[in-house]
Amino acid sequence: MLCTAHGRKGSGKTLAANSKTEPYNPAEIEAKWRDAWEKNPVNVNDGKRPKYYCLDMFPYPSGSGLHVGHWRGYVISDVWSRYQMMHGNHYVIHPMGWDAFGLPAENYAIQHGVHPAITTRENVDNIRKQIRQIGAIYDWDMEVNTTDPAYFKWTQWIFVQLFKKGLAYQKEMPVNWCPSCKTGLANEEVVDGKCERCHSEVTKKNLKQWMLKITAYADRLLEGLNGLDWPEKVKKMQTDWIGKSYGAEVDFEIDWSDVGEPADGRIRMLRDRYIRVYTTRPDTLYGATFMVLAPEHALVTQLATAEQKEAVDAYVRQAMNKSNVDRLQDKEKTGVFTGSYAINPLNGERIPIWIADYVLADYGTGAIMCVPAHDERDFAFAKKFGLKIVQVIAKDGEEIPDMQEAYTEASGIMINSGEWNGRESGELKLAAPDEIEKKGFGEKKVNYKLRDWVFSRQRYWGEPIPIVHCDDCGAVPVPEEELPLTLPEVEKYEPTGTGESPLAAIDEWVNTTCPHCKRKAKRETNTMPQWAGSSWYFLRYVDVHNDKELVSKEKADAYLPVDMYIGGVEHAVLHLLYARFWTKFLHDIGVVSFDEPFKKLFNQGMITGKNGVKMSKSLGNVVSPDDLIRDYGCDSLRMYELFVGPPELDSEWDDRGIDGVYRFLSRFWRLVHENKDRDVEETTELLKVRHQMIHTISTRLAQFNLNTVISGFMEYNNRLLEMSAEGGVDKETLRVFVRLIAPVAPHIAEELWQRLGETDSVFHSSWPEADASLMQENTVEIAVQVSGRVRATITIDTDCAKEDAVAKAKEALGDKLSGTIVKEIYVPGKIVNLVVKP
RNA sequence: GCCGGUGUGUCGGAAUUGGCAGACGAGGCAGACUCAAAAUCUGUUGCGGGCAACCGCGUGCGGGUUCAAGUCCCGCCACCGGCACCA
C-alpha cells in the first residue's frame, strides 16, 4: 500500500548523489556493542521498576551445538524481553541454564570412558558461547545447571518433602522398560509403544520403583488449566492426558454354580461374590448382555470352568506375551469364554463372563459390563462371538429390528429397561450413578487416565534418590543437612540391564548406616529421571546462590511466577505437566505462594530443512548459525529468523532469504546517515508516516505477529527513503524508527542511536506512543465497483458523504456505467458499489 | 476412528469487523553504473487473451449466503501434529 500510493519514479539519481555514507559493517558494530553491554548491562534491577519474567525452555547441552531452529526460540524470547523492557519499563528476568542430566553424556561415557561431568562441562561451555552470539539480554549471573550439586541438593530436598507427605512411594509392578536404554520409563515417555528417546520398542519389566503420586493432583492439574493463557492445543493435550471421566462402579454377582469343585478334592478358598466394573454409561445397564475381564484380572483363573480352563489359560498366556505395540494395534477383537456367568443386578439375567485383551487391566477395575447395542467395541465383540444384543436407547422411541452398528449417542428414549423405560437417556446418564448407589449395588465414581509418575531410573547420570533402606526402619530419607547426596565416582557407567543401577556395584557408596537407628543400611541406587531438575528450575533462577532455601520467600514473591514461557510444543504432557505438579506441591508446603508456574505459554514452530524434514545431524541438513553470523551479522540473522514465517508455525529454512533482511538493514543504515545531519522540517506528511509506523509496528509486536513486524519495517523504510530523496526525513522520525527496531536488531539500533547524538542506551528510552490524531489521512483512494466488479478508483475525502462519493464514482465510470442502478452501496474508506440491471 | 492445525504466484509468506487478493521478501527478466564482474540503484514479474485502452480467469475441491467471500455456512479432499480398545 505504501509503495503503490507513492511511485518511486525518479528518486534514483538523488539517492546516488547522497549515498556516499560509511557502509553498514555489522561485524564491527556488533562486536563493539557486545563488549559495551557486557561492561554495562542494559537490563539491571534498580528495585523500582515492575518485573517481567520471560523464560526460555532451557536446553540440554548436546555435543552437536545449536542450529538455526534453536535460535528462533531464543530470538523470539529476546525480542519479547527487550520489548517489555522498553514498552512497560520492566525489569526483565531473562535467564538461561542447562538441563544437563541425561543419557547422551552417559552413553558417551560408556563408549569413551570420559566422565559425564566433563562432557557436560565442555558442551555447556560450547553452547553458552553460541548462545552469547544471539546478543540476548540473558543475565548470566542467574545461570543454573541441574547437575551442579548446589542445584540438585534442592531437587533431592523436594523429593524428601514429597516422601514425607506420602507422595513418593515404592511399588513393585510391571513398568515400561526400554531394553536399549536399559531403564524404566514413565508413561509420558512412551510414545506409540516406543521409547521417547531412542524409539526402541518398550517392554514390561517387574521392578520395584519409586512413584510420585501425581494422581493426587489430577483434579487441580485439570482445573488449573482454565486460568492459563496457554495455546488451546496444549491445554487440550493435558486435559486428555489427565482423562477425567464420570460414571459409576457396579457390582455384578457371580454365579459360581458352573465352576465345579476342584478335582483334587481340596476345599475352595473363600470366593469373591462380585465382579466390580466401571462404566460411564450406567444408563445402559439393562442392555448389559455379557461381561469382559482383562486377561490380568485376579478372578480369571477361578472363573474358568473345567471345560474352558485350557482355552482360558492359552489365551491369557498369549496376551501376556503380546507386546504393548501389538496389543494396541490389533483392532480385531479376540477373546475367550470363561464358562461362568454373572447376574445383571437390574434385570437378574445370567450373562456370560468373557476374557479379552481389549479390556485394560490398569484402568477402572479391569473389568467391564458390555452393552453391545450402544458401544462400538462391545458391538464388534458381540457380532464376532454371537452374543446377545439388546437395544435400550431408541432415537425416536422405535426399536431398530436388526442393528448393523452400535448407537453410541447418549440421547433418546429408554426402552427394554424396566422402570427406566420412557426416560430420556441423557438425563438418565447423569442420574443413574445416584440411583444405582441408592439401590445398593454400586456407587458413583470418577476415573482418570493419569497414572502415577514412575520416578526411578536405572542409570548413572541423574540425581541419586536420597533414601536409605534399613532392614528395621524401612525407607528412610537422607537427613536434609546431609544433602546434596552426590554421585560416587565409578569405573563403569554401563547400565546392568538387570533393573539395577550401576551405582549398585559401588559397595562403599551403597553401604551406609540408617539415619534413624544407626544400624547398617543400604542406599537407594536408582536415580531420578531427566524431568526432575526441569520441574522446578524456573524457581531457582531468581535466587541461584541461596544455600539455605530452594528460593527465599521474599524473592519468590517479588519475581515469580513466570509471565511468559517460550519453547517447543514437544513438552506438552511431559515437562509442562510435571512442572505444574511440583509447583502445586511446593505451594502446598509453603515454599511459594502461587500454584501455577507459567502464566502465558508460547510454542514456537520448528525450523525444518527442505520439504519439512526435521534438522538432524544424521541427515546432514543442519544449518548452523555460525556461518550466517560471520557473513551477515547477528542482527540480520535475528531478523531473518523472525521473517521466515509466523512464529507459531513450522518453517522451512532457506538460506537465500537472508540477503533480503541484510539489504534492508543496509538501506536503513543509509536512511539514517542520509538524514541525521540534515535539518529537515517536521511536515504533516512526515508526522503522519511516523505515527502510522508507531501504530503498525506496536500493534503487530504486541500481537506477536513478528514476521509482519519485519515486513512493516521494510515498508516504512522504503517509504522514508523516498521521502529522504524528495525533501528529507526529520530527526525525530529517525529516532522513533531506531527505537522501534531496537528489540529486533539491537546492535544496529544502539549504534545509530548513538550516531543520532544520544549518550544513554536506546534500551533506556521509552517506547514511542502513536498519536491517532496525527496519523489520520485526509483523503483515501477507494475502488468503484459495478455489480461487484472493480471498474475504477477514485480519491475522495476520508469523511466524504455518500451522495458525493456516489456522484464522484459515476463521474469516474463515465460510459462504463450502463443500465439502471438498483442499489448504491458506500462503505466509507473502503468501496463504492453500484448494482445495475442491464 | 476422534481432536487440533495447515492448504493463497516459481518460492517464503501478507490481507483488523466480509470491501481493489498477492503487501514485504526471495528468485527470474530488463535496464543504469562498470573494460568486465560482484555490489548498488531503477523498472518489471499470478494465469489466459488483445497492438492497445481493456477483458476474462484465479486463494485445495463441490455447493450455498451476500451488492461483495481467502475471510461466513454446508459437504468433501490432501498434508502435518496429537490421542487412540480408557468402557
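Protein chains get the first letters and strands the later ones, always in sequence-line order, with residue 1 at the start of each. Bear in mind that the values here come from a model prediction, so they are computed numbers and not experimental data.
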Student: What is the distance, to the nearest angstrom, from the OH atom on A:Tyr24 to the P atom on B:U40?
Tutor: 14 Å
Student: Nearest to the side chain of A:Arg670 - B:C41, B:G19, B:G27?
Tutor: B:C41
Student: Side chain of A:Arg789 only, please: which of B:C67, B:G56, B:G25 is the nearest?
Tutor: B:G56
Student: Nearest whole Å is fine: how far is B:A26 P from A:Phe664 CZ?
Tutor: 12 Å
Student: If the P atom of B:C79 is compared with that of B:C85, how far apart are they to the nearest Å?
Tutor: 23 Å
Student: Is B:A30 paired to anything, Watson-Crick or G-U wobble with both distances less than 3.5 Å, and if yes, which nucleotide?
Tutor: B:U42
Student: Using a 4.0 Å heavy-atom cut-off, does A:Thr793 contact any base of the nucleic acid, only the sugar-phosphate backbone, or nothing at all?
Tutor: base
Student: When we call it a touch if two heavy atoms are under 4.0 Å apart, what does A:Arg791 touch: a base, just sugar-phosphate, or nothing?
Tutor: sugar-phosphate
Student: Not counting sequence neighbours, which residues clear side-chain hydrogen bond (donor to acceptor under 3.5 Å, both in side chains) with A:Tyr246? List them please.
Tutor: A:Lys244
Student: Taking atom C1' in both B:A53 and B:G63, what distance in whole Å separates the two?
Tutor: 37 Å
Student: Using only heavy-atom distances, determine whether the side chains of A:Tyr358 and A:Asp378 contain a donor-acceptor pair under 3.5 Å.
Tutor: yes
Student: Determine the Euclidean distance between corresponding C1' atoms of B:U17 and B:C51; express it in Å to zero decimal places.
Tutor: 45 Å
Student: Among B:A87, B:U40, B:G4, which is the nearest nucleotide to the side chain of A:Arg663?
Tutor: B:U40
Student: For a quick test of reading the model: is some side-chain N or O of A:Thr708 closer than 4.0 Å to OP1 or OP2 of B:C24?
Tutor: no
Student: Parallel, tilted or perpendicular, judged at 30° and 60°: which one describes the rings of A:Tyr24 and A:Tyr662?
Tutor: tilted
Student: Is any NZ, NE, NH1 or NH2 atom of the basic residue among A:Lys384 and A:Glu332 found under 4.0 Å from an Asp or Glu carboxylate oxygen of the other?
Tutor: yes
Student: Within the 3.5 Å criterion, strictly below it, is a donor on A:Asn344 or A:Tyr286 matched to an acceptor on the partner's side chain?
Tutor: no
Student: Go through B:C3, B:C20, B:G25 for me and flag the one nearest to the A:Lys236 side chain.
Tutor: B:C3
Student: With syn defined as a glycosidic angle within 90° of 0 and anti as the rest, where does B:G9 land?
Tutor: syn
Student: To the nearest angstrom, how far is A:Met291 atom CE from B:A87 atom P?
Tutor: 16 Å
Student: Give me the distance, rounded to whole Å, that separates B:U6 from B:A15 when you measure between the P atoms they each carry.
Tutor: 13 Å
Student: Taking CE from A:Met606 and C1' from B:G82, how many angstroms apart are they, rounded to a whole number?
Tutor: 13 Å
Student: When you check the side-chain N and O atoms of A:Asn447 and A:Ser245, is any donor under 3.5 Å from an acceptor?
Tutor: no
Student: How far, in whole Å, is B:A14 from B:G1 if one measures between their P atoms?
Tutor: 31 Å
Student: Applying a 3.5 Å limit to both distances, which nucleotide forms a Watson-Crick or G-U wobble pair with B:G1?
Tutor: B:C83
Student: Looking only at side-chain N and O atoms, does A:Asn717 come under 4.0 Å of OP1 or OP2 in B:C24?
Tutor: no
Student: Could you let me know what B:U71 is paired to, Watson-Crick or G-U wobble, both distances under 3.5 Å, or none if it's on its own?
Tutor: none
Student: Taking only the C1' atom of each, what is the distance from B:C73 to B:G50 in whole angstrom?
Tutor: 40 Å
Student: Using the side-chain heavy atoms of A:Ser711, tell me which of these nucleotides is nearest: B:C24, B:C85, B:C41.
Tutor: B:C24
Student: Look at the rings of A:His673 and A:Trp669 and say which category their plane angle falls in: under 30° parallel, 30 to 60° tilted, over 60° perpendicular.
Tutor: tilted
Student: Under 4.0 Å between a Lys/Arg side-chain N and an Asp/Glu carboxylate O for A:Glu232 and A:Lys236?
Tutor: no
Student: Using atom P in both nucleotides, what's the gap between B:C11 and B:U59 to the nearest angstrom?
Tutor: 15 Å
Student: Quick check on the 6.0 Å ring-centre criterion: do A:Phe385 and A:Phe290 meet it?
Tutor: no
Student: Nearest-nucleotide wise, let me know which of A:Val827 and A:Thr365 is further upstream toward the 5' end of RNA chain B.
Tutor: A:Val827
Student: In whole angstrom, what separates A:Tyr358's OH from B:A84's P?
Tutor: 19 Å
Student: With a 3.5 angstrom cut-off on both distances, give the Watson-Crick or G-U wobble partner of B:U6, or none if there isn't one.
Tutor: B:A78
Student: Taking NZ from A:Lys823 and C1' from B:U66, how many angstroms apart are they, rounded to a whole number?
Tutor: 9 Å
Student: If we take the C1' atom in both B:G64 and B:U71, what is their distance in whole Å?
Tutor: 15 Å
Student: Using a 4.0 Å heavy-atom cut-off, does A:Arg700 contact any base of the nucleic acid, only the sugar-phosphate backbone, or nothing at all?
Tutor: nothing
Student: Would you be so kind as to tabulate the donor-acceptor pairs closer than 3.5 Å made by side chains of residues 784-798 of chain A, with sequence neighbours excluded?
Tutor:
| unit_1 | atom_1 | unit_2 | atom_2 | d |
| --- | --- | --- | --- | --- |
| A:Ser787 | OG | A:Val836 | N | 3.2 |
| A:Thr798 | OG1 | A:Glu777 | O | 2.6 |
| A:Thr798 | OG1 | A:Asn778 | O | 2.6 |

Student: Counting side-chain heavy atoms from CB outward, which of B:G27, B:G4, B:C24 is closest to A:Asp659?
Tutor: B:G27
Student: What are the atom names and distances for every N/O pair under 3.5 Å that joins the protein to nucleotides 10-13 of chain B?
Tutor:
| unit_1 | atom_1 | unit_2 | atom_2 | d |
| --- | --- | --- | --- | --- |
| B:G12 | O2' | A:Val644 | O | 2.6 |
| B:G13 | O3' | A:Asn707 | ND2 | 3.4 |

Student: Kindly indicate whether the side chain of A:Lys333 and the base of B:C85 share any N or O donor-acceptor pair separated by less than 3.5 Å?
Tutor: yes
Student: Which nucleotide in the set B:C20, B:A23, B:G82 lies at the smallest distance from any side-chain heavy atom of A:Met237?
Tutor: B:G82
Student: In whole angstrom, what separates A:Arg667's CZ from B:U42's C1'?
Tutor: 12 Å
Student: Toward the 5' end of RNA chain B, which comes first, A:Gln703 or A:Tyr640, by nearest nucleotide?
Tutor: A:Gln703
Student: Measure the distance from CD1 on A:Ile831 to C1' on B:C67 and round it to the nearest whole Å.
Tutor: 10 Å
